[in-house]
Amino acid sequence: NEAEQSTPVLFDDLAEENLQFVSKLKDSSSSCAVDVSTVWWEAAGCRELCVVTACENSVSLWKPLAPDHWGKVYTWQLGEIPVIQIIPLLDTCNLICIALGNLEIGEIRLLLYSSENDSFKQSLVKTGNIKAVLGLKDRRLVSSSRSMQEQEVEVVSFSETGRSKHGQTLMPPEETILAFAEVEGVKDALLGTTAMNSIVIWNLKTGQLLKKMHIGYSYPASICHRAYSDSGLLFVVLSHPHAKESESCGNPAFRVIAFNPKTARSTGVIFSSLPPGHAGRYMEGEVKDALAAAVLSSGAIAVWDLLLGRCTALLPPGPAGSWALVRWSAGGSGLLAGRGDGGVCLYRY
Amino acid sequence: CSDSDLGPISLNWFEELSSEAPP
């Protein structure tokens, strides 16, 4: 299998920042990987960071058996509606949220283990025309859905045993929400990006819509990945799946913008562009702390340090095919890379 | 970025916007 692994390419002299192959999940039954994620799972008093893989009609939980070996713990079989994505619930244990649907999300389900009757279960959380969803701290989930002309933005919270509690409604903006991000440093603030390229801010406690700020026309359909408040400014990490290449910024994958929420004025802080001379566009990606990773249309995975605005590692497509997915691990700085054929590799950054 | 680019900055922007926004 060693020949199958891609060899990471380093782009600078930061010797300690490396992308090292750790292990591979082998799933002979899986035909395609829809999504991959990590989850803390506790069984028999042992709490471990496990890997979750999603195919169109099933979701599997994998636990570490040995340094290079993973064993499948359980597979939830889903119905006829295909799985679209795994929705990580931060700081939770034994709870996995998934989104199902055709093109758009039509259903959100919770997968869990019930110690009461020693069985793995699944339960329905929400149905509708769901446009965006994000797992929040404290076992909560925010989603936006459209019914006729109305947009509904709702926060649902779960108990430790996975029971969903009464949801809270947030005041919806006129524009369709495409993505959410919690605001680090401000406990009750939630941010969203809209189809009209605006940023909206809510107060999660009161449900108030506090502000709408326009991002600008240069980078349409921006998606928010992370937001934090510092020194009175709101810093937002955005990706730009539809950005055009420019001479000054190259082909930008991620951008950090500083907003003054009081005046709605903003300024670009740093660009993270595709490596020089590397063809391809940003396809999909994820941000964790100051690290961003994305799958490029060339089939490679690129990693950026957002503080430097520089690509620090590149994982070219291997002999087994192009990369289709990239996710950061919940613990440490692990990177999960998924191929279209269902193969998932773990790397250490 | 300077204050003049972004306008007056408030460390309590969240509380201030919450008190100004409709309930």
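Proteins come first, then strands; the chains are lettered A, B, ... in the order of their sequence lines, and each starts at number 1.
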**A/S222 vs A/H240, side-chain hydrogen bond (donor to acceptor under 3.5 Å, both in side chains): CA-CA, chis, key distance, verdict** = CA-CA 5 Å; A/S222 303; A/H240 304 290; 3.1 Å; yes

**Message:** salt bridge (Lys or Arg N to Asp or Glu O under 4.0 Å) for A/E175 and A/K212? Distances and angles first, verdict last.
**Reply:** CA-CA 10 Å; A/E175 301 169 11; A/K212 190 175 101 173; 2.7 Å; yes

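The greatest number of non-hydrogen atom pairs below 4.5 Å with chain B, out of A/D188, A/L234, A/D230, is found for A/D188. With respect to chain B, the highest number of heavy-atom pairs below 4.5 Å among A/G232, A/S229, A/S231 belongs to A/G232.
Below 30°, between 30° and 60°, or above 60°: for A/F235 and A/Y228 the angle between ring planes is below 30°, a parallel geometry.
Interface remark: A/L209 contributes backbone atoms only to the contact with chain B (heavy atom separation under 4.5 Å).
Checked by atom type, the side-chain pair A/N203/B/S18 shows a donor-acceptor distance below 3.5 Å.
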